[in-house]
Amino acid sequence: VSGVDLWYARTRDLAGSPALETVWALLGPDEQKRHDRFLFEKNKLEFLVTRAVERAVLSQCLAVAPTELELVRTDYGRPLLALPAKLHFNLTNTVELIACAVSREGEVGIDAEPLARADDVIDIASSVFTRGERDMLDRLPLVDRRQRAVRLWTLKEAYMKARGLGMSLPPEQFALRFDASEPTLECPTAVDPDPARWVFVTRELEDHLVSVCVERSLEARPTPLEVRVTALDAAQIDTMLRY
Ligand SMILES: CC(C)(COP(=O)(O)OP(=O)(O)OC[C@H]1O[C@@H](n2cnc3c(N)ncnc32)[C@H](O)[C@@H]1OP(=O)(O)O)[C@@H](O)C(=O)NCCC(=O)NCCS
């Protein structure tokens with residue numbers, strides 16, 4: 001199956017729902033400990049909903065019971081399936097929105113930020129954007145600049161996450177160009193030997209921008225990437241977790 005699936009849930013829809021008890025029973029001891037270490041309820045909820053979306057989506061895509069899913073973490077903190085599968089996934093979480101991207105084409109990374117964080121992103125522009133990216137932002141009228149800054153930041157994080165490196169890949173070492181209808185990656189070959197393999201898309205969901213970066217094969221590249229978006233509510237997630 002080509003294209004990318006983007007699943008998302010709003011944390012407030014799951015607060016107090018039976019799905020949280022269902023997912024709790026699926027967690028390993030380390031995950032339960034990590035949950036308990038969060039001080040604030042909103043962070044506990046964000047963590048649990050992330051785990052719920054992760055388990056629900058993976059079990060559905062792999063047609064495997066959630067109790068059978070085995071997840072591990074890389075040294076960079078990225079969750080992966082313990083056993084090799086022809087499926088790539090990545091998660092992003094904010095206080096209000098949790099999203100998961102699944103691709104069978106190649107690697108995938110996802111990032112979401114609330115549009116309301118535009119000013120925070122602009123504040124850190126000098127440390128995360130390249131000179132060219134900052135010039136591009138500066139040329140835009142203020143309203144467009146705020147939206148574009150969030151889009152640019154989520155796109156950059158989506159790429160760093162698709163690479164599995166997160167912030168260990170310095171964001172000023174690569175740039176996104178917006179000349180084409182969708183952005184393209186520009187970087188030295190030392191950073192990425194084949195920048196053209198990545199396709200970038202952004203969707204606005206629930207007052208957030210959600211960006212996805214997908215690796216495409218040479219044969220797939222001429223075909224536009226299909227993006228399928230699915231909203232999940234508490235009842236759907238609970239059903240998926242009881243598979
Ligand atoms: C991975 C990283 C990029 C996470 O960024 P983040 O914005 O905090 O969080 P996101 O919600 O997008 O992603 C978190 C999820 O990404 C996944 N993840 C963690 N490490 C990852 C990695 N190395 N590669 C890919 N995915 C990773 C996990 O699923 C994680 O959630 P979980 O731990 O609950 O499973 C991290 O390297 C980091 O250092 N972030 C700093 C972010 C920052 O400074 N933001 C400023 C915003 S203005």
Side-chain angles (χ1 to χ4, degrees), residues 6-11 14 20 23-24 26-28 30-38 40 42-58 69-82 88-103 106-129 133-134 137 146-174 192 198 202-203 205-206 208-215:
L6 202 171
W7 307 75
Y8 73 95
R10 297 186 304 186
T11 51
L14 275 92
L20 296 187
V23 73
W24 180 259
L26 294 168
L27 299 186
D30 290 352
E31 289 175 309
Q32 293 190 344
K33 273 190 218 133
R34 191 172 155 203
H35 167 272
D36 290 343
R37 279 200 300 269
F38 288 111
F40 299 110
K42 63 172 185 182
N43 300 115
K44 288 185 198 276
L45 180 63
E46 178 182 327
F47 178 79
L48 278 184
V49 178
T50 306
R51 306 285 69 88
V53 169
E54 172 184 65
R55 300 320 211 263
V57 167
L58 290 175
L69 282 175
E70 250 197 276
L71 292 162
V72 291
R73 290 222 179 221
T74 67
D75 292 344
Y76 291 99
R78 176 180 196 163
L80 289 179
L81 289 160
H88 302 266
F89 75 99
N90 193 222
L91 296 153
T92 182
N93 40 43
T94 66
V95 172
E96 291 178 13
L97 188 83
I98 309 301
C100 178
V102 174
S103 154
E107 261 310 344
V108 63
I110 185 166
D111 188 56
E113 292 290 344
L115 279 161
R117 291 204 62 200
D119 292 329
D120 299 334
V121 176
I122 290 175
D123 282 347
I124 59 163
S126 62
S127 53
V128 295
F129 297 148
E133 288 171 334
R134 294 201 304 271
L137 289 174
R146 297 178 80 249
Q147 163 110 6
R148 180 65 66 87
V150 179
R151 184 169 166 214
L152 180 58
W153 175 242
T154 55
L155 287 163
K156 294 193 74 145
E157 269 221 73
Y159 173 67
M160 299 187 286
K161 294 177 71 182
R163 296 287 308 274
L165 298 167
M167 289 298 279
S168 307
L169 176 61
E172 66 283 3
Q173 286 190 3
F174 63 94
D192 195 315
W198 301 104
T202 304
R203 293 286 182 272
L205 301 171
E206 309 287 339
H208 291 60
L209 289 189
V210 182
S211 288
V212 181
C213 167
V214 187
E215 183 184 25

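Whatever order the structure lists them in is the order used to number ligands and atoms, beginning at 1.
In this structure the side chain of Val210 never reaches within 4.5 angstrom of the side chain of Tyr8, judged on heavy atoms.
Thr11 approaches Val95 most closely through the heavy-atom pair OG1-O, 2.7 Å. Contact record, Phe174 with Lys156: O-NZ, 2.8 Å, taken as the closest heavy-atom pair. Across Val212 and Val214, no two heavy atoms sit closer than the pair CG1-CG2, 3.7 Å.
Applying salt bridge (charged side-chain N to carboxylate O under 4.0 Å, His left out) to Arg10 and the options Glu46, Glu96, Glu206 leaves one that passes, Glu206.
Judged by the 6.0 Å and 45° rule, Arg51 forms a cation-pi pair with Phe47.
For ligand 1, the 4.0 Å heavy-atom shell contains residues Arg34, Thr50, Arg51, Arg73, Tyr76, Gly77, Arg78, Pro79, Asn90, Leu91, Thr92, Asn93, Asp111, Arg117, Ile124, Trp153, Glu157, Lys161, Gly164, Leu165, Gly166, Met167.
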